[in-house]
Amino acid sequence: MRWYWIDRFLEFESGRRAKAVKNVSLAEEHLHDHFPHYPLMPNSLVIEGVAQTGGLLVCEHGRFEEKVVLAKVSKAVFHCEAVPGDTLIYTTLVSDIREDGAMVTGASHLGDRLQAEIELVFAHLDEEYLGKELFEPGDLLKMMRIFGAFDVGRAADGSPLADRYPLEL
Amino acid sequence: MPTKDEVFEKIQEALVEALGVDDDEVIPEATLVGDLGAESIDFLDIVFRLEKSFEIKIPRGELFPEDVFTDARFVDDGRVNEAGMAELRKRLPFFSNLDEFAKNPVVQDFGSLLTVADMCGFVEGKVEVSG
């Protein structure tokens, strides 16, 4: 199983904001296990999708050199359900980023309708974790490629994001 | 220029949002850890909200001096030594319970003594307050 909870980036502005799409499909196993006979996109996985959309922004800001973890879900308010056939659009905004972490505000939309409002705190792990690998080397860049971040991404100066990672692509 | 009451109200709002507590629980004498249930990661969340709300910068370690507690010069066997207490007094003039902490300066107990009033004092030291 792959822990990918977005399908593709639509926009990616380094260190600032990102937009991603998540298509909810009846073929997804978890929809059948969450509430039997009532397939529904679990809210926790919407949070995870928003966290991946925003977390990769935070990771990329640090050139994938910081160990970034989702430390806290400060807010998660859901306004409606997402069901098979729905397309969710996740938008995330880095509201603050500093040496010890970042705060990201996010939203999930179903068409014009606000589906969820999310606030997340990411932490940069300190020295005691420096010797431990959280991900295999290159995993995050692989996720960026699979999600199409380099196809749409822009660096802070507006240049193509792909130009920042010539060796990895 | 905010008044002291406005500083308190903004801190109250930040703590309500960061800790999921009710307005009336956030009183000056409430301790963040003991009374309001703050955990270590909540301090980062609180710092983000204070920076945004007051348009200030709070460098790492300024509100919660974790670097002192991990510095071998200042800690012996999990307890802050005299040099460490001197460092804390110099860096945390807003911390009203420092004398209380000095009686039994176990590092792990430090966070539980920080009060809402201390946070107000900390912010008042960084912004100009009227009234």
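Letters A, B, ... mirror the listed sequences (proteins, then strands); counts begin at 1. Computed from a prediction, not measured in an experiment: that's the story for all the values here.
- Considering CD1 of A:I97 and CZ of B:F48, their distance stands at 8.0 Å, rounded to 0.5 Å.
- Listed by chain and number, the residues in a salt bridge (charged side-chain N to carboxylate O under 4.0 Å, His left out) with B:R73 are B:D71 (sequence neighbours excluded).
- Residue pairs that meet the side-chain hydrogen bond (donor to acceptor under 3.5 Å, both in side chains) test with at least one member in residues 6-30 of chain B, sequence neighbours left out, are B:E17-B:R49.
- Atoms CG and CE, from B:L44 and A:M103 in turn, are 8.0 Å apart once rounded to the nearest 0.5 Å.
- Contact check for A:D96 versus B:E51: side-chain heavy atoms found under the 4.5 Å cut-off.
- Counting heavy atoms of neighbouring residues, nucleotides and ligands inside a 6.0 Å radius, atom CZ of A:R63 exceeds 12 of them.
- Counting non-hydrogen atoms of neighbouring residues, nucleotides and ligands closer than 6.0 angstrom, the CZ atom of A:R98 exceeds 12 such neighbours.
- Of the listed residues A:E119, A:K75, A:E99, the one with more heavy-atom pairs under 4.5 angstrom with chain B than any other is A:E99.
- Dense packing is recorded around NZ of A:K72, with more than 12 heavy atoms of other residues, nucleotides or ligands lying under 6.0 Å away.
- Of the residues considered (B:D42, B:D45, B:I41), B:D45 shows the highest number of contacts with chain A, using heavy-atom pairs under 4.5 Å.
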